[in-house]
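Dumping the structure here so I can ask a few things about it.
Letters A, B, ... are given to chains in the order of the sequence lines, protein chains preceding strands, and every chain is numbered from 1.
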Amino acid sequence: MSKIYYSETHEYVKVDGNIGLIGISDYAQHALGNVVYVDMPEVGDDIEAGEDFGAVESVKAASDLIAPVSGAVVEINEHLIDNPRLINEDALSNWIIKVELTAPDELDSLMDEAGYAEFVSNQ
Amino acid sequence: MTDNKRTCLYHRHVAAGALMSPFAGYDMPIQYTGITEEHNAVRSSCGVFDVSHMGEINISGPHAERYVNHIFTNDVSGAPVGQIFYGMMLNRSGGTVDDLLVYKRDADSFLLVVNASNIEKDYAWVVENAREFDVEVENLSEELGELAVQGPEAESVMQQVLGINCGDLSFYTFREEMLDGVHILVSRTGYTGEDGFEIYAPHDAIVAMWDALMQSGRVAACGLGCRDTLRFEVGLPLYGDELSDDITPVEAGLSMFVKTDKPEFIGRDVVAEQKAAGTTRKVVGLEILDRAIARHGYDVLTPEGEVIGSITTGYRGISVDKSIAMALIDSRYATNGTELLVQIRRKRFPAVVTSKKFYKKSYKK
């Protein structure tokens, strides 16, 4: 059973064991508008919580992707290379990278689903 | 809370759910339904933009024509009333104070339409340089609103929805007339690469026309987001990107609007020399050979990794489905077909120099 956590910069990580699927929230995809490009790291790259690991580009601008947790990239969502708009269709199913968590304690500083819902209602 | 100014249509934009954002000191609509949809509406049918933030400065008096020719790169001498000119005001180093339209209203009266971001600078410049000329300079920016009705159906929308007959207006001409008791100015101009019109009028009349256009169901409300993607795809410059106080129009590839056969205008010596001898920098088009998008300020490099300039505007083209950009680079690399690199965040992507006219204009001459 996976559990979802959110960061204040609107990335989520869906965690199952020590594997996390990282993407952007539905709120974020809506705020961005049409996604035209996703800049992803490569398999094998390390990402560090709080640091950028890529970007999501709408027509208008690029938005950095900030890692909610630290980890090693084990897979990237290759469907997004040719179909970046999948993120607009369903941001939660269309994760961007799959990581192996290296510091699971970091999850404690993220919001759960209810906490994030409250967070965005105040935005 | 912000201290930004609002156009006369601000409340219409907010009520329509537009995404509002600060631009040139105004809270302006960036998009209503989406940049792509609005962009496509202008290319295929008709869209309307609130461009009331644009500035209007009137120059009148016995020396008006001489004075306009003194501060403007294009040549207005001997033009018929109703003619419009595109060109620039230059500083003494040849850099661009602003790019603008000049409307010849009468033998001794000209209207300058300037960028919102430059209204105060331009007005000060026009006043400061007028000391030895017998002219009156008036800033009308606060009194006039402006709509841009753009797209292949613009002419019929103007006629059928607004009751303004534009069939006799040719490209870059205008007419002043009374509409429902209000004085308006209508021109066949725009900033999209499509046929279209711009209407200048007092605020109440602008709001009434906006409401009529919305109620007609024939026109998409368009924000500044697609105004930028539309102008970019046809290679039109934006002040702050392709032109600035330290970029000359010759560097920006706009020599045809710089009439150095005129005996005199501010900045003439520099741009005349550049037209004759060439420039060390040039604005070019780039096609990025990847899906990655080059944004304003990103470095442009040679294949060996030497930085030779930077991106001025870049998008995933909407009408042209490619990653395209304009860049100000070292002229030695400005030939079409030259292979370069663009630094996009951590990676470098191959790019090739192309024409800036990524998409063909469809003006009705």
Side-chain angles (χ1 to χ4, degrees), chain A residues 9-11 22 24 26-48 50-67 72-73 76-91 94 96-97 120 122-123, chain B residues 17-23 28-43 222-233 238 241 288-298 311 313-325 342-349:
Chain A
T9 50
H10 306 286
E11 289 83 9
I22 296 176
I24 66 168
D26 186 60
Y27 174 87
Q29 73 74 19
H30 192 259
L32 278 168
N34 297 348
V35 174
V36 293
Y37 175 66
V38 186
D39 179 0
M40 294 182 274
E42 285 168 19
V43 171
D45 285 354
D46 283 338
I47 64 166
E48 196 174 331
E51 302 288 321
D52 71 280
F53 66 89
V56 178
E57 302 234 14
S58 65
V59 176
K60 192 68 199 155
S63 301
D64 284 340
L65 288 164
I66 309 295
V73 179
I76 62 169
N77 184 351
E78 293 186 354
H79 298 296
L80 297 177
I81 296 170
D82 289 325
N83 275 310
R85 288 194 68 158
L86 289 170
I87 288 185
N88 296 116
E89 287 168 20
D90 187 347
N94 292 291
I96 296 169
I97 55 172
V120 296
N122 293 324
Q123 292 282 296
Chain B
L19 173 67
M20 304 296 288
S21 183
F23 178 83
M28 295 299 290
I30 299 304
Q31 63 179 63
Y32 296 79
T33 53
I35 294 174
T36 306
E37 294 83 341
E38 294 163 28
H39 176 111
N40 290 333
V42 172
R43 289 266 185 263
C222 293
L224 296 186
C226 77
R227 187 168 155 85
D228 201 44
T229 57
L230 287 159
R231 70 89 194 167
F232 162 71
E233 279 187 347
L238 173 64
D241 287 344
I288 289 85
L289 306 175
D290 192 274
R291 293 194 71 102
I293 301 161
R295 302 290 188 179
H296 181 100
Y298 290 7
I311 300 293
T313 307
Y315 281 107
R316 177 83 199 174
I318 295 175
S319 305
V320 185
D321 190 22
K322 292 174 181 172
S323 175
I324 47 182
V342 180
Q343 181 85 39
I344 299 176
R345 289 175 290 276
R346 292 144 296 152
K347 294 180 210 160
R348 290 173 180 179
F349 293 91

Of all of Lys347(B), His296(B), Arg345(B), Gln31(B), which one pairs up most often with chain A through heavy atoms under 4.5 Å apart?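 Option with the greatest count: Arg345(B).
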What part of Asp321(B) lies closer than 4.5 angstrom to a heavy atom of chain A: side chain, backbone, both or neither? neither
Top of Asp82(A), Ile81(A), Val59(A) for chain B proximity - count of heavy-atom pairs under 4.5 angstrom: Val59(A)
Report the option among Asp228(B), Ile318(B), Ile293(B), Ile30(B) that has the most heavy-atom pairs separated by less than 4.5 Å from atoms of chain A. Ile293(B)
Residues Asp39(A), Arg346(B): salt bridge by 4.0 Å N-O rule: yes
Donor-acceptor under 3.5 Å (Asn34(A) side chain, Arg85(A) main chain):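 Not confirmed, Asn34(A) side chain does not pair with Arg85(A) backbone.
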Select, from Ile344(B), Thr36(B), Thr229(B), the one with the greatest count of heavy-atom pairs under 4.5 Å involving chain A. Thr36(B)
Ile97(A) CD1 to Ile47(A) CD1 distance, which is reported to the nearest 0.5 Å: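 Those atoms lie 4.0 Å apart.
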Note: vs chain A, highest number of non-hydrogen pairs under 4.5 angstrom among His39(B), Arg316(B), Arg295(B), Glu37(B) is Arg295(B)
Can you tell if the side chain of Ile96(A) reaches within under 4.5 Å of the side chain of Glu11(A), non-hydrogen atoms only?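 No, every pair of side-chain atoms sits at 4.5 Å or beyond.
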Gln123(A) atom CD, neighbour heavy-atom count above 12 within 6.0 Å: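 Correct, the count exceeds 12.
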